[in-house]
Peer 1: 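My structure is below; once you've seen it, I'll send some questions.
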Amino acid sequence: MSSLKALILAAGEGTRMKSDTPKVLHKILNKSMIDYVLDAASDAGADKICVVVGSHAEKVTSALEERNITFAEQKERLGTGHAVMCAKSFVEGEDSDILILYGDTPLLKGETLKELVAFHKKEGNSATLLSAFVDNPKGYGRIVRDSKGLFAKNVEEKDTTDEEKKINEINAGVYCFKSKDLLYALDNLKNDNAAGEYYLPDALEIILSAGGRVNTFAAEDPDEFLGVNSKVQLYEALKVMQRRINYGFMEDGITIIDPENTFLSPDTVIGKDTIIYPGVFLEGGTVIGRDCEIGPDCRLSSVKVGDGTTIEYSRIKESRIGNNTTVGPFAYIRPDCVIGDNVKVGDFVEVKNSTVGDGTKISHLTYIGDTDAGRGINFGCGTVTVNYNGKAKFRTTIEDDSFIGCNTNLIAPVKVGKGAYIAAGSTVNRDVPEDAFTIARVRQKNYENGKNKLKL
Ligand code: UD1
Ligand code: CA
């Protein structure tokens, strides 16, 4: 069985993005455009993928270094056909089918490509191109058909006659070729056109003239080949992707109060009966369990949340939150936290690189950093783990069922034993034994009539 390759053209300058970031690395819902295209190619069954890079080549190759793909370099931008020529060694080799896609069409679906390839194989085509009828064909290559209605050629906007300009069937810029037919066409491609470029779609006419079979496959959804060239188009693509993702979740039984105002990355997982309020951003493979309430106004990056948990107006990074826990409003959970079940992380609480055991309450205005806190602890308002002495950081250990009075400073390294009780306002710099009552503050003095004596 012949394999399927995919070649992705991404050598464009992307000048209209007005950005130092290469165009194809711009993100939609926290995933770069080229990553969408690469995933669509893989979903369609492509097992060998090559990306043609041009300017900013290093930034693109390093962003994709973890993927099992190869790169070809197009030093001069001489057209889409030339870009494919630059990857000739990738096209060569074993006989196979090869998909050609653009790196700036993030909305293309793997299933559409799969259908295109299946059609290409079934028809025994030398080349198949994705075509579409659009209301405004301006800027696209037009598909010219012969008297029998069969594909005859593609004409680029710049080269069209007035008659051809009216054609509203366009080349969507997605192709599947038999590799040996593509190689033959590349050898015969010329740049004698209005732009002086090597046009990839000219390969179709060349293959046809040599007796090959060329067919179009109709795209149903014009969004799929929307090319992103500017920040406005990036936004337009985001809106389409956002709707696809959010409507998908709603179909699966998740309530999204306002899908236009909810930003879920495609790698997000959410359990049934969870409610997502507006202003929520979930990214970095965040997983939310069942029966949760998330939002309004939360951003979670690489977070795993259990079932029945409520999180509102909060920021959480690279951490795990258990079941039936509440976070926020206005909590900040920084990386490497493991928060247990039935925990309360209340308003203006910051937790960093810490574990918090089941049933512990950190209700308000507290900083827990570099701490191992057990179960059933009550943190009074304004507790601070003093983890940094200006040079180094130290850990605090707080054992189960202890009570930390309001405004306690725990100067690390320090340990509070199981069931201990620390009086409010204490500054604790020595270990507290199990079940101890600890008070570490200056004794109050009352000077009777002191106000008069001191003339206050
Ligand atoms: C191309 C097609 C047109 C089709 C349209 C669909 C040609 C000549 N025309 O036009 O028929 O309707 O796509 O969107 O192919 N690229 C390179 N190197 C180059 C030139 C382009 O890598 O030298 C890449 C670009 O980064 C881009 C893609 O190829 O991702 C398409 O190039 P672009 O210039 O946008 O082609 P269009 O003029 O839109
Ligand atoms: Ca384009």
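Atoms within each ligand, like the ligands themselves, are counted from 1 in listed order. None of these values were measured; they are calculated from a predicted model. Hydrogens, waters and symmetry mates are skipped; everything else that's a heavy atom, side chains included, is used.
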Peer 1: Below 3.5 angstrom, do we get any N/O pair linking Tyr140 and ligand 1?
Peer 2: no
Peer 1: On the six-membered ring of Phe90, is Lys48 placed so that its NZ or CZ lies under 6.0 angstrom from the centre and within 45° of the ring axis?
Peer 2: no
Peer 1: Taking heavy atoms and a distance under 4.0 Å, where does Glu156 meet ligand 1: side chain, backbone, both or neither?
Peer 2: side chain
Peer 1: Hey, is Arg334 close enough to Glu350 for a salt bridge, meaning N to O under 4.0 Å?
Peer 2: yes
Peer 1: Restricting to pairs with a member in residues 298-309, which pass salt bridge (charged side-chain N to carboxylate O under 4.0 Å, His left out), not counting sequence neighbours?
Peer 2: Glu283-Arg299
Peer 1: Can you tell me which residue among Asp370, Thr396, Asn353 is in a side-chain hydrogen bond (donor to acceptor under 3.5 Å, both in side chains) with Asn387?
Peer 2: Asp370
Peer 1: Taking distance alone, with no angle check, do Pro201 and ligand 1 share an N/O pair under 3.5 Å?
Peer 2: no
Peer 1: Would you mind listing which atoms of ligand 1 come within a distance below 4.0 Å of any non-hydrogen atom of Asn171?
Peer 2: 3 (C), 4 (C), 5 (C), 6 (C), 11 (O), 12 (O)
Peer 1: Say whether Tyr102, considering both its backbone and side-chain N or O atoms, lies within less than 3.5 Å of an N or O atom on ligand 1.
Peer 2: yes
Peer 1: Surrounding NZ of Lys158 (heavy atoms of other residues, nucleotides or ligands, distance under 6.0 Å), is the total greater than 12?
Peer 2: no
Peer 1: Only heavy atoms count here, so choose which of Thr105, Leu9, Val24 is nearest to atom 24 (C) of ligand 1.
Peer 2: Leu9
Peer 1: Is Glu156 salt-bridged to Arg142, cutoff N-O under 4.0 Å?
Peer 2: no
Peer 1: Measuring from non-hydrogen atoms of Gly227 to any atom of ligand 1, is the shortest distance under 4.0 Å?
Peer 2: no
Peer 1: Any N or O of Gly103 that comes nearer than 3.5 Å to an N or O of ligand 1?
Peer 2: no
Peer 1: Quick check: Gly12 and ligand 1, any N/O pair under 3.5 Å apart?
Peer 2: yes
Peer 1: Tyr175 versus ligand 1: do any nitrogen or oxygen atoms come within less than 3.5 Å of each other?
Peer 2: no
Peer 1: Kindly confirm or rule out an N or O of Tyr199 lying under 3.5 angstrom from an N or O of ligand 1.
Peer 2: no
Peer 1: Is any NZ, NE, NH1 or NH2 atom of the basic residue among Asp39 and Lys31 found under 4.0 Å from an Asp or Glu carboxylate oxygen of the other?
Peer 2: yes
Peer 1: Answer yes or no: is there an ion pair linking Lys272 with Asp252, defined by an N-O contact shorter than 4.0 Å?
Peer 2: no
Peer 1: Pick one of side chain, backbone, both or neither for how Asn154 approaches ligand 1, counting any non-hydrogen atom pair under 4.0 Å.
Peer 2: side chain
Peer 1: Can Asp47 and Lys5 be counted as an ion pair, charged N to O under 4.0 angstrom?
Peer 2: no
Peer 1: Which atoms of ligand 1 have any heavy atom of Ala172 under 4.0 Å away?
Peer 2: 6 (C)
Peer 1: Does Lys23 pair with Glu13 as a salt bridge, N-O distance under 4.0 Å?
Peer 2: no
Peer 1: Which atom pairs, one a donor and one an acceptor, fall under 3.5 Å between side chains of residues 204-213 and the rest of the protein, sequence neighbours left out?
Peer 2:
{"from": "Ser209", "atom 1": "OG", "to": "Glu205", "atom 2": "O", "distance (Å)": "2.7"}
{"from": "Arg213", "atom 1": "NE", "to": "Glu123", "atom 2": "O", "distance (Å)": "2.9"}
{"from": "Arg213", "atom 1": "NE", "to": "Asn125", "atom 2": "OD1", "distance (Å)": "3.3"}
{"from": "Arg213", "atom 1": "NH2", "to": "Glu123", "atom 2": "OE1", "distance (Å)": "2.7"}

Peer 1: Can you find a non-hydrogen atom of Val52 under 4.0 Å from ligand 1?
Peer 2: no
Peer 1: Identify which of Glu157, Arg77, Gln74 has a heavy atom lying nearest to atom 18 (N) of ligand 1.
Peer 2: Gln74
Peer 1: When you look for heavy atoms under 4.0 Å from ligand 1, do you find them on the side chain of Lys23, its backbone, both, or neither?
Peer 2: neither
Peer 1: Under a 4.0 angstrom heavy-atom cut-off, which atoms of ligand 1 come close to Gly141?
Peer 2: 3 (C), 4 (C), 11 (O), 12 (O)
Peer 1: Heavy-atom contacts under 4.0 Å between Ala83 and ligand 1: side chain, backbone, both, or neither?
Peer 2: side chain
